[in-house]
Amino acid sequence: MGIRGRRVAYELGGDPHGHPVLIIHGAWGGPASTLWSGPRLRWFASRRGIRLIWYDRRCAGWSEYDCSPFSLVELDQDAVDLLDYLGVERAAVVATSAGGPIGLGLTLNHPQRVSALALLNTGASLMSMTPTGVDAADPFVADRLSTIARRMDMLALFESSGAPAAVRASELEWRTAPEPPFPDPQLESFRRARRRALQRLPFDELARLAAGAMRNMQAQRNVDLTDALSTIQCPTLIVHGDADTTVPIAFGAALVQAIPHASFSVQAGQGHGLIADQRVQRLLRQWILAGGLD
């Protein structure tokens with residue numbers, strides 16, 4: 001669907017008269033997301049009382065890819081534009097992983113549009129070498145920072161030499177689909193199709209889609225929203241797995257310290273990708289219906 005001249009892919013589900021819940025997905029977009037032809041949102045919990053709104057972010061999934069740089073503020077505005085298009089005045093926002101800073105920015109810049117905020121396995125600074133409130137000596141944090149350093153090097157090559165050069169330096173990674181945190185046998189045929197598509201994708205198209213993912217990384221590079229989080233007034237729930245090695249739980253704990261009156265739900269033994277966990281989905285629905293929304 002065209003929204004402000006931009007193609008935005010979205011899905012609606014659940015109770016059409018229920019509380020609107022905007023889900024901001026994680027990851028950076030790019031080839032693996034766009035070549036996925038399966039269902040976009042696997043919501044296993046009850047949908048009674050909630051209206052789910054799921055969309056593909058800019059340069060991700062089936063939404064439009066941009067050639068020019070964009071900012072985190074523009075990504076926040078994309079979410080507002082979608083809510084406007086759907087006629088939704090206020091929504092509970094569920095933001096996960098790389099979608100977390102977008103959810104935070106949306107809440108900070110457009111507080112009147114967010115009635116409640118749930119942040120899953122995310123942080124206030126996911127593309128910075130000096131994130132506030134976490135201990136760089138923590139082994140899991142140190143591993144996260146090494147990943148960020150590699151991405152910073154990739155972005156430097158992208159900016160100096162273009163997307164083809166950046167992709168050639170790590171082509172195998174770009175042609176490898178991420179493993180799901182909660183395998184679903186019903187989706188195996190879609191995963192096989194994506195693996196084949198990634199291997200067969202012409203290099204020029206691979207580079208074009210990868211450039212979109214790198215634009216998303218650029219939008220969050222060196223961004224740290226921590227200092228502004230004390231102004232958040234809406235009900236806020238932080239959910240993090242204590243076995244998360246992608247975004248360590250220290251990032252979630254830092255959010256709890258920075259956001260007034262935020263609640264913290266630690267998922268014992270759980271890793272990344274909590275949005276696909278049925279227990280977490282039940283928790284989110286119960287929290288929203290019990291007062292996460294006003």
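Just the heavy atoms: all of them, side chains too, but no hydrogens, waters or symmetry mates, feed the values below. From a predicted model like this one, the values you see are computed outputs, not experimental measurements.
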Separation of R7 CZ from E64 CD (nearest 0.5 Å): 5.5 Å
Value rounded to 0.5 Å, distance of CG in L120 from CD1 in I238: 9.0 Å
Side chains of [Y] and [X]: any donor to acceptor distance under 3.5 Å?
X: T245; Y: H272; value: no
X: Y65; Y: T34; value: yes
X: R215; Y: Q218; value: yes
X: N121; Y: T246; value: no
X: T132; Y: D224; value: yes
X: R150; Y: T147; value: yes
X: Q233; Y: T231; value: no
X: D277; Y: Q281; value: no

Where the side chain of [X] meets the backbone of [Y], is there a donor-acceptor pair that is under 3.5 Å apart?
X: R113; Y: V88; value: yes
X: R57; Y: H25; value: yes
X: D56; Y: W62; value: yes
X: Q267; Y: V239; value: no
X: T236; Y: C234; value: yes
X: S160; Y: L157; value: yes
X: S46; Y: R48; value: yes
X: Q199; Y: R196; value: no
X: R285; Y: R47; value: no
X: D242; Y: G269; value: yes

Joint hydrophobic cluster, F251 plus I259, side-chain heavy atoms closer than 4.5 Å: no
Shared hydrophobic cluster for L145 and F140 (ILVMFWY, side-chain gaps under 4.5 Å): no
Ionic contact status for R191 with D184, cut-off 4.0 Å: no
Ion pair R195/E188, N-O distance below 4.0 Å: yes
Contact summary for S125 and P131, nearest pair of heavy atoms: O-CB, 3.9 Å
Connected hydrophobic set around V73, excluding itself, where side chains approach under 4.5 Å: none
Side chains of [X] and [Y], heavy atoms from C-beta outward: is any pair under 4.5 Å?
X: W43; Y: W54; answer: no
X: N222; Y: M152; answer: yes
X: M127; Y: V223; answer: no
X: D78; Y: R58; answer: yes
X: L82; Y: L22; answer: yes

Residue pairs fulfilling ring-ring contact (aromatic ring centres under 6.0 Å, His included) with at least one residue in residues 87-138, sequence neighbours excluded: none
Cation-pi, W174 ring and R168 (6.0 angstrom, 45 degrees): no
Which residues share a ring-ring contact (aromatic ring centres under 6.0 Å, His included) with F190, sequence neighbours left out: W36
Derivation and outcome, side chain to side chain contact (heavy atoms under 4.5 Å, CB included), residues L187 and R42: CA-CA 10 Å; L187 301 182; R42 300 284 281 172; 3.9 Å; yes
Side chain to side chain contact (heavy atoms under 4.5 Å, CB included) evaluation trace for L229 with L104: CA-CA 8 Å; L229 299 187; L104 285 168; 3.8 Å; yes
Step-by-step side chain to side chain contact (heavy atoms under 4.5 Å, CB included) determination, L106 to V114: CA-CA 8 Å; L106 173 60; V114 180; 3.9 Å; yes
